[in-house]
Every structure is written in C-alpha cells, then in structure tokens.
Amino acid sequence: MRSLLFVPGDSRKKLEKAMNSGADVLLIDLEDSVALDAKQEARRITASFLAEQRSVAQRPRLFVRVNGLTTGLIDADLDDVIRAAPDGIVLPKTIGGPDVAHLGAKLAVREAEFGLEDGGTRILAIATENAAGVFALGTFAGASHRLMGLTWGGEDLSADLGAETNRTDDGAYTDPYRLARSLTLLGAAAAGIDAIDSVFTNFRDTAGLEAECRAARRDGFAAKMAIHPAQVPVINETFTPSAEAIERARAVIVAFKAHPGAGVVGVNGEMLDRPHLLRAERLLRRAGRLA
C-alpha cells in the first residue's frame, strides 16, 4: 500500500466517490470528522457500505477509524462495523502496545460472535496524538499479530502540548513533531511493521505534498495518509518504486547471490555491503505487494 485516504463515515456520497480515488486504502472515519450526535448514523452508513463492498473484487482495502479506547464510544463502533467485516481498524490516541492488545481482544470476541476469520481484522495504530503515546513508541513489538502499521499525527499532538502551531512559516514541522515522526519510524522498525507518514493538511499545495512524500520515502516510510482525493495520485506516484530502482535492487541481489560468502560486492563500480542487500530486498517486497 502507498496511499490511505480518510473519508467521513457519515457521508454515503463521499464514500462512493472515494472508491474511485485510486487510494490503496480508505480510512472510513467515525472519530474526528463525525459530530457526536451523528455517530450512530455514521455507524449505520459505514456498516451498510462495508457490507455492500465486501465482495467486490477490485477495490481498495477498507479500514474504519473508530473512537478511542477511553471515549466510551468504541464498543458501539465495533459492534456495528465488525459484523460487516472491514479489512482493518484504525485506533486513534493509541498509547503503546497495551492499547493494541486491548483492541485485539475486543476484535477477537466480535470475530467469533459474527463468524469471521480469527485474526482477519488488522490494526493500524495512530501512536503520537498525545505526549503519553510518544513515550510509548517502543512498546509495539509483539503486541498483536493483527498490527500491520504504525502512523503518527501532529494535529492532536499540538493540542495536547498546547502549541500555537506545529509548523514553521516555511511549512516545515517544528522540533516536537519532527521528533514524534522520527520515533514513529523507529518504533515501527522495532516492531517489524510498516511506518506510515501523517497527513499533509494543505491539500491545495501539491508541491509541498510531493516534497513531504519524497522525504518520507527517503527516510523509510512505506506510505502516506491523505485527507483529500486530489492528494492520492501524488502519493501513489512517489511511493511506487521506479523501474530504475527495481532494476538496481535486482542487480544488488544478484551480485550477493553470485558471491554468497562475501560481505562486500561491486555493482556498477560501487562497493556495497549487507545493509544495501537488505534495502534491496525490502524494495522488491514492496514492489511485489503493489503488483
């Protein structure tokens, strides 16, 4: 996956439109974009939409962002949407591995109740929406076999910190959010799962989005979230490995296979060691999943 598009769960029209956005994953939202008095209607619309789309062969993966574990709303969210078998659940305000394990237990109960595959519902955790979550980023390893990705958020974090803004005048993140982003990347690597970059909120700034996508890919993020369908093509293009990159990765792997005992090999005049092999293998795995 490369692109994950947020869509309000209380708008049937927006959900149907998003199916043709080109996004690899739709993040159907029952949390921030839905008012409290609209939650139940959003659950109904989301469950109906999931049930209709479940058997469609060529479709994006469908995840649902529920309300957080401490809101008193998550059980009603899960009761309504899990019976319609979403591909995954997005957990906001996550504070480390224990929260993921807690959600995993809730999912297991409902999968059994509704006759669904045990463990089939995956989890994507948003892990930096408060200061406590930032300090827990090293606790996700082994939390749940359902956990497939870790992402971060700067908007709720800025509210938790009492910040005036989370970006400088030139659009760059300020230090607290750069730290949260970096620790998310490290936490995901430690847990052996994908790191997914946060949203770029100015959906009209295509150049800024492209630059942020390139930086995220460079640093090791596998994908990026989007808040508007217009952002999806830019994200997909940036996170799709180029033909040249794939060819180079194959050349690295071939060189190491030709010299299985070597610690260093030469490829096109450049001396490469084992970390380059690991990077090449990771790139080809990602390309294979996209294919």
Side-chain angles (χ1 to χ4, degrees), residues 1 3-94 99-100 102-126 129 144 146-149 151 153 155-156 196 199 203 225-229 231-232:
M1 62 179 178
S3 53
L4 301 89
L5 174 64
F6 278 109
V7 190
D10 60 350
S11 173
R12 178 77 190 207
K13 180 179 179 180
K14 290 181 180 178
L15 287 168
E16 291 175 349
K17 182 179 179 180
M19 291 294 289
N20 298 314
S21 66
D24 295 326
V25 183
L26 299 188
L27 306 177
I28 304 173
D29 191 22
L30 299 179
E31 196 211 13
D32 284 348
S33 67
V34 178
L36 183 60
D37 60 0
K39 298 287 188 187
Q40 187 54 46
E41 178 65 3
R43 295 182 190 116
R44 185 193 66 78
I45 292 172
T46 297
S48 174
F49 181 77
L50 289 170
E52 292 173 12
Q53 299 298 329
R54 182 167 52 185
S55 61
V56 175
Q58 298 296 325
R59 62 165 176 80
R61 296 170 72 187
L62 301 175
F63 280 47
V64 178
R65 180 167 71 170
V66 294
N67 292 277
L69 288 168
T70 62
T71 62
L73 299 170
I74 187 171
D75 288 320
D77 292 343
L78 295 175
D79 286 342
D80 282 0
V81 303
I82 296 301
R83 69 177 69 245
D87 296 303
I89 294 295
V90 182
L91 181 63
K93 314 296 190 297
T94 306
D99 277 7
V100 170
H102 189 176
L103 175 59
K106 289 178 179 292
L107 294 176
V109 169
R110 288 164 175 84
E111 286 172 344
E113 180 181 356
F114 301 136
L116 301 174
E117 176 192 356
D118 181 37
T121 313
R122 308 302 300 278
I123 296 173
L124 170 62
I126 308 179
E129 292 186 301
S144 173
R146 300 173 184 271
L147 185 62
M148 48 71 64
T151 187
E155 306 310 310
D156 285 276
I196 298 165
V199 297
F203 63 87
M225 298 188 296
I227 59 167
H228 193 279
Q231 296 180 318
V232 171

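Values reported hereafter were calculated over all heavy atoms of this structure, with side chains retained and with hydrogens, waters and symmetry mates removed. Keep in mind the model is a prediction, meaning the values are calculated, not measured.
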Steps toward side chain to side chain contact (heavy atoms under 4.5 Å, CB included) verdict (L27, R65): CA-CA 6 Å; L27 306 177; R65 180 167 71 170; 5.5 Å; no

E41 and I45: CA distance, side-chain angles, deciding distance, side chain to side chain contact (heavy atoms under 4.5 Å, CB included) verdict: CA-CA 6 Å; E41 178 65 3; I45 292 172; 3.8 Å; yes

Evaluation steps, side chain to side chain contact (heavy atoms under 4.5 Å, CB included), between L124 and M148: CA-CA 6 Å; L124 170 62; M148 48 71 64; 3.9 Å; yes

Do [X] and [Y] have side chains that approach each other closer than 4.5 Å (heavy atoms only, starting at C-beta)?
X	Y	value
V34	N67	no
I89	I82	yes
I74	L91	yes

Under-4.0 Å salt bridge between R110 and D79: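 Here R110 pairs with D79 in a salt bridge, since their nearest N and O are under 4.0 Å apart.
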
Backbone N/O of L62 and side chain of D87: donor-acceptor pair under 3.5 Å: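 Present.
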
Donor-acceptor under 3.5 Å (T151 side chain, I196 main chain):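 A pair under 3.5 Å: yes.
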
I28: which of L5, V81, V90, T46 passes side chain to side chain contact (heavy atoms under 4.5 Å, CB included):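 Result for side chain to side chain contact (heavy atoms under 4.5 Å, CB included) with I28: T46.
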
Qualifying residue for side-chain hydrogen bond (donor to acceptor under 3.5 Å, both in side chains) with D80, from R44, R43, Q40: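 Between D80 and the candidates, side-chain hydrogen bond (donor to acceptor under 3.5 Å, both in side chains) is satisfied uniquely by Q40.
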
Worked verdict on M19 versus F49 for side chain to side chain contact (heavy atoms under 4.5 Å, CB included): CA-CA 11 Å; M19 291 294 289; F49 181 77; 3.5 Å; yes

